[in-house]
Participant: 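Before I ask anything, here is the structure I am working with.
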Amino acid sequence: MNYLVISDTHSIGSKLLDLLLRYPGYQIIHLGDAQGDLALLKKMNAIVVKGNCDFEGKDEIVLDSIYGKMLLTHGHLYNVKLRYDNIYYRGLELDCKYILFGHTHSPLLEEINDHYLLNPGSLKNGSYILIEKGVPILKNDFE
């Protein structure tokens with residue numbers, strides 16, 4: 001299974017559909033602040049967590065994948081704009097290999113002790129993450 005990881009689209013609309021159509025067969029993960037994009041994401045069977053600008057959904061999801069467990073959250077509840085240790089330790093507590101979050105609008109791909117700390121940034125700024133065969137790839141080619 002390959003994953004397309006996005007966050008903080010903030011009602012980007014038809015541009016979002018353009019990106020989703022680039023990656024047929026990928027499981028879509030949206031890490032919050034979808035706002036007006038939520039209906040499209042639901043139609044595309046995306047896994048979506050609730051961001052600080054959203055009104056529905058779960059704050060946190062643990063996803064079992066063949067590559068290892070994934071913690072999915074927006075990140076605002078872990079103060080990720082200030083530091084990453086809270087979210088990193090939450091991921092370790094839940095035995096997650098991949099710790100995925102958004103909120104900062106700044107992309108991050110960091111490997112720490114065989115765990116990945118991943119933030120796709122804001123799709124409005126052109127960045128997203130692919131996870132292909134368990135390997136995260138930060139992309140910044142969406143306009």
Participant: What residues, two or more places apart in sequence or in another chain, satisfy side-chain contact (heavy atoms from CB on, under 4.5 Å) together with Leu63?
Facilitator: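 In terms of side-chain contact (heavy atoms from CB on, under 4.5 Å), with neighbours along the sequence ignored, Leu63 is linked to Tyr3, Ile29, Ile47, Met70, Leu72.
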Participant: Taking C-beta and beyond as the side chain, do Pro107 and Leu138 meet within less than 4.5 Å on heavy atoms?
Facilitator: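 Answer yes - side chains close enough.
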Participant: Suppose the criterion is salt bridge (charged side-chain N to carboxylate O under 4.0 Å, His left out): which pairs have a residue in residues 64-79, not counting sequence neighbours?
Facilitator: none
Participant: Sequence neighbours excluded, which residues qualify as side-chain hydrogen bond (donor to acceptor under 3.5 Å, both in side chains) partners of Tyr78?
Facilitator: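 Result, side-chain hydrogen bond (donor to acceptor under 3.5 Å, both in side chains) vs Tyr78: Glu60, Arg90.
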Participant: Residues in side-chain hydrogen bond (donor to acceptor under 3.5 Å, both in side chains) with His76, at least two apart?
Facilitator: none
Participant: Go through the structure and list residues passing side-chain hydrogen bond (donor to acceptor under 3.5 Å, both in side chains) with Ser122, not counting sequence neighbours.
Facilitator: none
Participant: Give a yes or no on whether the backbone of Ala34 and the side-chain of Asp8 come within a donor-acceptor separation of less than 3.5 Å.
Facilitator: no
Participant: Mind listing the closest non-hydrogen atom pair of Tyr88 and Ile99 along with its distance?
Facilitator: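 In this case the closest contact between Tyr88 and Ile99 is O-CD1, 3.7 Å.
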Participant: Against Ile6, only a single residue in Val48, Leu31, Leu41, Ile129 fulfils side-chain contact (heavy atoms from CB on, under 4.5 Å); can you say which?
Facilitator: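 Considering Val48, Leu31, Leu41, Ile129, a side-chain contact (heavy atoms from CB on, under 4.5 Å) with Ile6 is found only for Leu41.
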Participant: When you compare the side chain of Ile28 with that of Leu20, does any pair of heavy atoms fall below 4.5 Å?
Facilitator: yes
Participant: Do you know which two heavy atoms are closest between Pro120 and Ser127, and how far apart they sit?
Facilitator: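 Residues Pro120 and Ser127, closest heavy atoms: O-OG, 2.6 Å.
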Participant: Output all residues satisfying side-chain contact (heavy atoms from CB on, under 4.5 Å) with Ser11, sequence neighbours left out; order by chain, then residue number.
Facilitator: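 Applying side-chain contact (heavy atoms from CB on, under 4.5 Å) to Ser11 gives Gln35.
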Participant: Spell out, as yes or no, whether a donor-acceptor pair under 3.5 Å connects the side chain of Thr9 to the backbone of Ile12.
Facilitator: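 A pair under 3.5 Å: no.
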Participant: Quick one: which residue pairs count as a salt bridge (charged side-chain N to carboxylate O under 4.0 Å, His left out) with a foot in residues 72-83, not counting sequence neighbours?
Facilitator: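 Listed by first then second residue: Arg83-Asp85.
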Participant: Scan residues 109-118 for pairs that pass side chain to side chain donor-acceptor pair (under 3.5 Å), counting only residues two or more places apart or in two chains.
Facilitator: Lys97-Asp114
Participant: Do we see a donor-acceptor contact under 3.5 Å between the side chains of Asn119 and Thr104?
Facilitator: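 The answer is yes; a qualifying pair exists.
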Participant: Given the rule in the salt bridge (charged side-chain N to carboxylate O under 4.0 Å, His left out) test, do Arg22 and Asp141 qualify, once you have shown the distances and angles that lead to the verdict?
Facilitator: CA-CA 12 Å; Arg22 271 195 213 178; Asp141 63 2; 3.3 Å; yes
Participant: Could you work out the complete set of other residues in the hydrophobic cluster of Val135, with links drawn between I, L, V, M, F, W and Y side chains under 4.5 Å apart?
Facilitator: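 None; Val135 is a cluster of one.
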Participant: Using the test salt bridge (Lys or Arg N to Asp or Glu O under 4.0 Å), find all partners of Asp18 that sit at least two apart in sequence or belong to another chain.
Facilitator: none
Participant: Partners of Lys42 by side-chain hydrogen bond (donor to acceptor under 3.5 Å, both in side chains), sequence neighbours excluded?
Facilitator: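 Only Glu56 meet the side-chain hydrogen bond (donor to acceptor under 3.5 Å, both in side chains) criterion with Lys42.
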Participant: Nearest 0.5 Å, please: how far is CG in Leu17 from NZ in Lys43?
Facilitator: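 Taking NZ in Lys43 and CG in Leu17, the distance rounds to 8.5 Å.
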Participant: According to the ring pair (Phe, Tyr, Trp, His ring centres under 6.0 Å) rule, which pairs have a member within residues 26-62, sequence neighbours left out?
Facilitator: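 Of all non-adjacent pairs touching residues 26-62, those that pass ring pair (Phe, Tyr, Trp, His ring centres under 6.0 Å) are Tyr23-Tyr26.
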